[in-house]
Structure formats: C-alpha cells, structure tokens
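Encoded as structure tokens, the structure appears first; notes follow it.
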Number of protein chains: 2
Amino acid sequence: MSTQLLPEKTVERLSQYRRVLSREIEQGHEHIFSHELAKLLHITPVQVRRDIMLIGHSGSLRKGYNILDLIDMIGEIIDCSNQQKVAIIGIGKLGQALLNYLADNKTNLVVSAVFDNNQEIIGTSFSGVLCHGIEHLKKIVEREHITIGILTVPPQHAVEISKQMVEAGILGIINYTPVSLQLRGAYLEQYDVITSLEKVAYFAKPKNYSMLLEMECEK
Amino acid sequence: MSTQLLPEKTVERLSQYRRVLSREIEQGHEHIFSHELAKLLHITPVQVRRDIMLIGHSGSLRKGYNILDLIDMIGEIIDCSNQQKVAIIGIGKLGQALLNYLADNKTNLVVSAVFDNNQEIIGTSFSGVLCHGIEHLKKIVEREHITIGILTVPPQHAVEISKQMVEAGILGIINYTPVSLQLRGAYLEQYDVITSLEKVAYFAKPKNYSMLLEMECEK
DNA sequence: ATTTTCTTGTTATTAAAATAACAGTTAATA
DNA sequence: TATTAACTGTTATTTTAATAACAAGAAAAT
Ligand SMILES: NC(=O)c1ccc[n+]([C@@H]2O[C@H](COP(=O)([O-])OP(=O)(O)OC[C@H]3O[C@@H](n4cnc5c(N)ncnc54)[C@H](O)[C@@H]3O)[C@@H](O)[C@H]2O)c1
Ligand SMILES: NC(=O)c1ccc[n+]([C@@H]2O[C@H](COP(=O)([O-])OP(=O)(O)OC[C@H]3O[C@@H](n4cnc5c(N)ncnc54)[C@H](O)[C@@H]3O)[C@@H](O)[C@H]2O)c1
C-alpha cells in the first residue's frame, strides 16, 4: 500500500474500473488489456495504465491485467479490508431513492442504518434497513462503526445535522442538500442537481457546444 | 457576451453564486463584496473576483457588486434569455425525487415533460408535469423545444434511450445511470452515487484524511 | 487637500490533471 | 535464433484550475 494520496480523479476512475471489471468477470473473462478497459469507459488507454501504475499494480505484458487481482487491489485501496458502513440521514424521497439504488447494487459499502426525525417512519424499514430517530445518531454510529454518511435532510437542517454527524464520529460525508457546508473533522463531498443541470445548460447552448466541438477538432 | 468558453468550474460556481445571491436579495441586500459572497460558499474572494471578471462583469470599488445585475448577467450566460426546457426520461424513484426537487426550487430551467414506458403511469402527472409515452419523445421534444434531458431509466436501456434523446433534438444530457455513455451531438454529464461514495470512502479513511490535513497545514 | 483604507480587476505563479512520448519486455513469427 | 508486433510502465509535456501578488481607484478620514 502506497504512502502517497491518489489524485481525486484517479480514485473516481478506480471505482468505475471496478464496476465494469465485475461485469467482465461475470462474462468469464480473466484478463483485460488497457485499451479494452478504456473502451468500456470511453477514456484513453494511457489514462487507464497511468491510474493502475499509481496504485502500484502491474499487468503482464502480453495478457494484460488479471481482472480479479485488479478488483482486489482496488478494494483494498477504496474500501479497506473491513468494509465501511454507511448511514443515510433524512430518509425522504431522495434518501429512499439512493438507498434503494445502493441496496440493489452490491458494493463493499453497505448502508447499515438510516435516520430521520419523523415519528411516523422511525422504527420502520426501508429496503431492509431500519430507520432510527435522529437523536440516536451518535449511539448507533459508534455501536455499528459507521464511517460514511449521506446527508439528505431538508436544507434548513443541513448545517446542524452535519455537525452532529461529525460529532458522532462519521469521517466522510456526501452532502446532497443545496447548502454549502464547511466541516472540520470529516471529508466532505458536495453534489447538487441544479448546479449540474445549469452546467449542462451552458455547454449545451448551440454556440457553446459548437465551440467545444471545434476545440476537439483542433487536436 | 463573450466569444470564449468559460471554464467548467467557473460555470458551476456561477450557478452557486446565483443561488445564494437570490437569498441575499430576499433579505433586502443590494450589493455584496467578493469576500462576503466567498464566505457564503466557503471559497476564496479571489476566486469570486476572477470568475466575475471572466464573465465580463464589474463591481463598484467601494460598494462591491450589484446583486441584481450579477444575477441577470449569470442568467444570460447560463440560461439564455428564453429559459431552457428540461425533460426527465424514466420517472421512477430517482426521477420523481429529482423532479420534486426541481419543481420546489424555482430556477430558470423548467421541467416541462417527463417520459416513461410504463403504461400504468403514462398520462398521469408528477409534481404537475404530465408523463408521456417514450414513443412520443421526439414529437414532444420538438414541439416544446426541450433542450435538456435527465436520464433516469434502468441501466439496460440507457444506451438506446440516450441515442433517441439526441435523435429527438436534445442538446444536453445528464446521465444518472451507472452506464458510461458516449454521444455525438449532445453535451454529456455523468453522475453516479456509488463513485461519489467510494471517493468519500477513500479520502475519509483515517490515514488518508490525516494526510490531507497535513497537506493543508503546509500551506 | 492629502493621506489612508479598502476594494476591485488583472496578471503571474503554482498545483493538479490529462495527454503524449517513448523505453522496455514478452510472445509470436520468420 | 533473430525479428517483429503488441503490449505495459514511466517520464515529459501540455492543459486546466487554483492561488498569489499587486496595481489602481474610490470613498472615508485627517
Ligand atoms: N442535491 C441534489 O441533487 C438534491 C436533489 C434532490 C433533493 N435534494 C435535497 O436533498 C434533501 C432531501 O430532499 P428530499 O426531496 O428527499 O426531501 P424530503 O422532504 O422528501 O426528505 C427529507 C427527510 O428528512 C427528514 N428530516 C427532516 N428534518 C430532519 C432532521 N432534523 N433530522 C433527520 N431527518 C430529518 C424528513 O422527515 C424527511 O424524511 C433536501 O435538502 C433537498 O433540497 C438535493
Ligand atoms: N447515478 C445515481 O446516482 C443513481 C442513483 C440512483 C439510481 N440511479 C440509476 O437511475 C436509474 C433510475 O433509478 P430508479 O431507482 O429511479 O429506478 P426505477 O426502476 O424506480 O425507475 C426507472 C423508471 O424508468 C422507466 N423505464 C424503464 N424502461 C424505460 C424506457 N425504455 N423508456 C422510458 N422509461 C423507462 C420505468 O418504468 C421506471 O419508471 C437507474 O439506472 C439507476 O441505476 C442512479
């Protein structure tokens, strides 16, 4: 295992490599070339090889990469040996959709608790995961050794609840509320549909899109 | 209006500037300094000023930026004068959650149609938006001048439906299926929760997170 | 009036990411 | 056994994004 942090983008791609590699295994393939893996994700073979170099893995020269080995290696880097546990905080429309998706797609990250403050749903299960009252956050996060949190509460509660999450011992948070957070004590990732959509709107405008195409042609 | 494309990250931040600026207007503020705007998003004042410079807007030296002017300017850049229309394709759990969110938060991008292939829901409305059969995609996209599409169909249909979207005249697509797409003819943005979550898992690992903190201290 | 303070706008520098270039190696082929 | 073809692994270069540095101008203070 390396002593250096991997670039963000490399980590993102590793996650994608693993997903498509699992499918390759299911199809009975044992090895894969960098250009094959690249094609599956519409990126360049060089980028694949560089990423794999960065994680300190090697392929064999005429057979390519051993798929199972590579999956294991990525697993060690991203998920650790003992799989990390995830909680969803605020199990409304978005929280339920995400939970459902995560439950359907087996990953090494398992959602092992969800939290809400709505008395009517506390005690019930969503996709097989029990919903706890938000007041038990710390207790359960500690007991279950949950390290990752998905924040999907209404915006007005985002700041307060995110602090409680860190306080409870959560180490990484993905924030789906449209509220800009600043946390000390946990790694934070932010995502908002509207920002994404407006970015698409900008680059999809005919004038802008054609400029993009021109730039690609020049290369 | 500029003849040069803006950097991706700048466009993303413009979207966020606009959101928080709207809130400032509601609170009766007329002007804002770069350091105030920066604080609201937890970024640096320099980045704010640089972004605003790139869009060709100016503030006044002792009063800061006129908020309404800035909102208008960002609107022209991102949404164009005539607001762009959005369609959601595949109105299942995720599609509904997104639609609900977009309907609640008034933006210049308006969802004006949703599509599905499930007979039971075609003809019904979600958050006030009518669901059409997927076979009418092209007809309605053309008629309504829809330019942006949100793709939330099951993964196995992603490739085929995305082609139909481009064929129908959609110029920008945000793809929430975990399938890597390659399109010619439309700007494409990809987002997947699992990739995001695994990235968080990597950087939240105690050893990695402490390396991150160290790097920040050095600066 | 003159100085000081605070702010913007812009250029210069550094850092991160992607791409390109190419050396090196193995297996197949002649 | 030499030669070629087809890969990987690594370093160098370029591009993109973030940060720093600082000149210049308006208002406030003296
Ligand atoms: N970023 C995005 O892309 C995106 C997309 C859709 C929604 N959202 C945001 O995600 C959040 C959730 O959206 P939604 O549509 O699921 O809303 P929702 O109202 O359906 O769900 C919110 C849930 O949080 C619970 N809740 C409220 N206060 C709480 C508290 N203090 N502690 C714990 N739980 C609490 C509610 O009971 C509810 O179940 C909102 O902030 C919304 O703006 C973001
Ligand atoms: N990327 C992410 O972050 C993320 C998160 C959750 C789900 N997802 C993905 O988003 C997609 C939707 O997820 P979901 O949980 O809403 O699934 P879902 O099954 O609830 O919804 C899918 C919808 O698409 C409709 N559909 C099926 N085939 C269609 C076709 N050919 N044309 C039009 N509509 C069709 C279905 O009738 C259904 O309403 C899936 O691909 C899922 O993997 C992605």
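Proteins come first, then strands; the chains are lettered A, B, ... in the order of their sequence lines, and each starts at number 1. Everything numeric here is computed off the predicted structure, so don't read it as measured data.
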Spacing between [X] atom [atom1] and [N] atom [atom2], to the nearest angstrom:
| X | N | atom1 | atom2 | result |
| --- | --- | --- | --- | --- |
| B:Leu6 | D:dA17 | CG | P | 11 Å |
| B:Glu36 | C:dC6 | CD | C1' | 13 Å |
| A:Leu5 | C:dA15 | CG | C1' | 15 Å |
| A:Leu212 | D:dT16 | CG | C1' | 14 Å |
| B:Leu54 | C:dT10 | CG | C1' | 10 Å |
| A:Glu216 | C:dA18 | CD | P | 15 Å |
| B:Leu37 | C:dT7 | CG | C1' | 14 Å |
| B:Asp51 | D:dT16 | CG | P | 17 Å |

Output all residues satisfying ring pair (Phe, Tyr, Trp, His ring centres under 6.0 Å) with [X], sequence neighbours left out; order by chain, then residue number.
| X | value |
| --- | --- |
| B:Tyr65 | none |
| B:Tyr101 | none |
| A:His35 | A:Phe33 |
| B:Tyr17 | none |

| remark: Nearest heavy-atom contact between A:Lys199 and B:Val11 is CA-CG1, 3.8 Å

| Least distance between heavy atoms, B:Gly149 atom then B:Ile170 atom | N-CG2, 3.7 Å

| request: Hey, could you give me each pair passing ring-ring contact (aromatic ring centres under 6.0 Å, His included) that has a residue in residues 165-195 of chain B? Not counting sequence neighbours. | output: A:Tyr191-B:Tyr191, A:Phe203-B:Tyr187

| query | For residues 182-196 of chain B, which residues have at least one heavy atom under 4.0 Å from DNA chain C? | reply | none

Set of residues satisfying salt bridge (Lys or Arg N to Asp or Glu O under 4.0 Å) with respect to [X], sequence neighbours excluded:
| X | answer |
| --- | --- |
| B:Arg18 | A:Glu198, B:Asp79 |
| B:Arg19 | A:Asp192 |
| A:Lys93 | none |

In residues 53-63 of chain A, what donor-acceptor pairs under 3.5 Å come from side-chain atoms, sequence neighbours left out?
none

| task | Specify the residues of residues 8-18 of chain A, ordered by number, for which at least one heavy atom lies under 4.0 angstrom from an atom of DNA chain D. | result | none

Every protein N/O within reach of nucleotides 7-12 of chain D N/O, cut-off under 3.5 Å:
from, atom 1, to, atom 2, distance (Å)
D:dT8, OP1, A:Ser34, N, 3.0
D:dT8, OP2, A:Ser34, OG, 2.5
D:dG9, OP1, A:Gly59, N, 2.7
D:dG9, OP1, A:Gly59, O, 3.4
D:dG9, OP2, A:Tyr65, OH, 2.9
D:dG9, N7, A:Arg49, NE, 3.0
D:dG9, O6, A:Arg49, NH2, 2.9

